Amino acid sequence: MQLTLEFGGGLELLCDSKKIHNVNVELQNGEDKLTMKDLLSWVRTNLIKERPEMFMKGDTVRPGVLVLVNDCDWELSGQLSTSLEEKDVVVFISTLHGG
Amino acid sequence: MSEIRESDNASRIMAELQSLKEAKSTIDNKIGLLEAELRDIQNDGASSNGLSPEMIYRYSRHLLLPNFGVSGQQNLLNSSILVVGAGGLGSPALLYLAACGVGRLGIVDHDLVELNNMHRQIIHTETYIGQPKVKSAASACRSVNSSIQVVEHQEALRTSNALEIFSKYPCNSNNNMAIFFCFNLVFLIFLSFFILLSILPLIHYDHMFTIMWILMISMTEHFVRYDIIVDATDNAPTRYMISDCCVVLGKPLVSGAALGLEGQLTVYNYNGGPCYRCLFPTPPPTTACQRCADSGVLGVVPGIIGCLQALEAIKIAASVGEPLSGRMLLFDALSARIRIVKIRGRSLQCEACGENSKFTQQQFREFDYENFTQTPLSVSPLKLNLLPNESRISSKEYNEIILKKEPHVVVDVRPAHHFKIVSLPKSLNIPLSTLEARLPEISSALKKEEEDNIGVVSGSSAQLYVVCRRGNDSQRAVQSLQKMGFTSAKDIVGGLESWAHNVDPNFPTY
Ligand SMILES: [Zn+2]
């Protein structure tokens with residue numbers, strides 16, 4: 001499945017300082033859909049190069065990270081159970097505090 | 001001898017400059033107040049819409065906007081906005097809010113203006129370096145628009161004062177302000193009386209007292225609180241505190257943040273929309289909360305977000321357009337991208353604004369935000385103390401070692417881009433993150449130093465010292481160096497900041 005993943009607010013530092021990743025995520029055997037839960041573990045294995053605890057806590061993102069699926073808060077689409085479709089754009093952004 | 005005389009001269013000049021600057025600011029204040037008083041006297045000829053000829057001229061470009069017009073401007077003039085933080089975000093926000101004619105503009109900050117603020121905190125001028133930011137910002141706002149009321153809150157926001165600052169008029173603030181406040185109140189009462197009298201023939205007599213009463217109430221309302229809060233602060237605990245305070249008092253919050261080359265903006269607690277805690281119920285780990293003073297920030301980035309904060313505050317105050325509630329603006333300066341995303345609504349489970357757990361004023365006063373976020377409210381830099389005294393030397397002691405030409409190697413563990421800004425002579429840059437992999441470089445540097453000193457200095461082997469910016473990473477580095485066999489490694493207490501402070505005043509700090 002072709003997806004565009006974006007990292008911001010400093011999270012890009014965990015994946016080679018690259019903000020936009022066009023990726024192809026293979027569906028697991030027998031599965032016909034990809035959920036955000038699957039995508040998170042794929043990202044953790046394939047994209048996160050350092051300090052995974054800065055990205056995830058347990059099986060979800062750490063506090064202070066907003067997840068947006070097609071420019072919409074994943075809280076509105078079912079969080080981890082959100083199912084993804086071809087060409088979806090998923091943004092992971094760390095909240096900023098500076099000023 | 002001549003050095004002593006020079007430093008005496010310098011301090012005399014500095015003292016004289018300081019006293020002249022103080023005299024100048026007293027005179028400037030007096031001029032501003034007199035000008036405002038004169039303008040009030042001259043502005044008696046207000047037209048039927050309540051705008052004086054001078055106001056009509058000053059705000060003419062607003063009045064010409066069909067979607068804003070007289071009613072938008074009147075709403076602005078009757079509104080009161082509090083900006084917390086007169087830094088990178090607060091600077092442009094305050095300037096625009098003052099210029100556009102917000103009736104009362106409050107500023108909260110406890111910091112002093114520093115030279116390293118100037119690249120982004122554009123409200124301050126060099127003249128104000130070393131003086132309170134609130135004073136500097138208020139004076140800039142008054143010089144842009146002397147017809148509005150600017151209130152200075154020169155204190156750090158705490159749970160003990162936030163409710164009072166947000167919702168009550170500061171009775172103990174300076175006298176001039178109190179006089180100005182009374183003068184305005186009397187003027188408004190007089191004005192409304194005049195309007196009432198002129199429409200008297202049109203209304204029934206016993207309705208008049210009701211109308212008068214409503215007018216009085218609405219005016220007291222107007223003078224005892226801020227309608228809108230702008231969060232222009234720079235740390236997580238303060239952001240939670242401001243949001244909770246807004247929830248408790250039912251005030252909309254225009255929240256902006258910027259770091260590096262990115263910015264974020266949204267409006268919380270507006271018209272049934274989410275609060276900060278709805279979005280971030282659990283605080284992030286402290287390691288995820290970077291500060292501009294450590295990570296850097298391109299000056300114009302908070303400037304852009306601060307301008308957008310002023311815009312959102314103006315829209316709410318003037319009741320025009322659609323405020324950015326339930327949505328968030330994400331700004332990426334490097335790729336020139338602005339993304340506006342839909343965020344969750346008010347959460348029923350929210351600890352602050354949820355259905356079952358409405359935060360009370362008492363709970364707010366007692367809440368420990370520093371403990372909640374594991375971050376101090378004031379952004380003073382961390383001072384670690386990881387090493388025993390025998391593994392540390394002061395910057396002055398290190399200076400002695402240089403002067404005595406004792407054989408040694410100094411390793412600077414800052415990131416490479418920091419090292420490029422400034423470094424100690426002959427220091428070897430090995431960033432902390434690469435330390436383990438580059439141990440052989442340290443061994444060979446020590447060996448070379450010993451060989452170079454054979455016959456020059458007798459006996460002792462070359463010592464290893466570690467330095468960083470403020471003396472925290474150097475301790476972490478010494479801890480791991482000692483574990484990896486460099487048992488006599490020592491750190492320089494307080495790092496380069498201490499060097500600049502105690503040894504070489506001309507050494508640049510950043
Ligand atoms: Zn809430």
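So that the names make sense, note that chain A is the first sequence line, chain B the second, and so on, each numbered from 1. Predicted model, so just to flag it, every value in this text is computed and none were measured.
- Tested against B/Val341, the residues A/Asp71, A/Val69, A/Leu66 include a single side chain to side chain contact (heavy atoms under 4.5 Å, CB included) partner, A/Asp71.
- Across all their heavy atoms, B/Pro283 and A/Pro63 have their closest contact at O-CB, 3.5 Å.
- With a 4.5 Å cut-off on non-hydrogen atoms, A/Lys57 does not touch chain B at all.
- For the atom pair OG1 of B/Thr287 and CD of A/Glu53, the computed distance is 7.0 Å after rounding to the nearest 0.5 Å.
- A salt bridge does not link B/Arg337 to A/Glu6: none of the charged nitrogens lies less than 4.0 Å from a carboxylate oxygen.
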With a cut-off of 3.5 Å and sequence neighbours excluded, list every side-chain donor-acceptor pair involving residues 81-92 of chain B.
residue: B/Ser91; atom: OG; partner: B/Gly87; partner atom: O; Å: 2.7
residue: B/Ser91; atom: OG; partner: B/Ile122; partner atom: N; Å: 3.4
residue: B/Ser91; atom: OG; partner: B/Ile123; partner atom: N; Å: 3.4

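- At a 4.5 Å heavy-atom cutoff, the contact between B/Arg344 and chain A is made by backbone and side-chain atoms alike.
- With a 4.5 Å cut-off on non-hydrogen atoms, A/Leu11 does not touch chain B at all.
- When every heavy atom of A/Met54 is checked against every heavy atom of B/Ala288, the shortest pair comes out as CE-CA, 3.6 Å.
- The closest donor-acceptor contact from the side chain of B/Arg291 to the backbone of A/Gly98 lies at 3.5 Å or more, if one exists at all.
- Among the residues in residues 263-278 of chain B, those with a non-hydrogen atom closer than 4.5 angstrom to a non-hydrogen atom of chain A are B/Gly263, B/Gln264, B/Tyr276.
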Evaluation steps, salt bridge (Lys or Arg N to Asp or Glu O under 4.0 Å), between B/Lys342 and A/Asp73: CA-CA 6 Å; B/Lys342 191 174 183 324; A/Asp73 191 345; over 6 Å; no

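- Within the 4.5 angstrom heavy-atom criterion, no atom of A/Leu14 approaches chain B.
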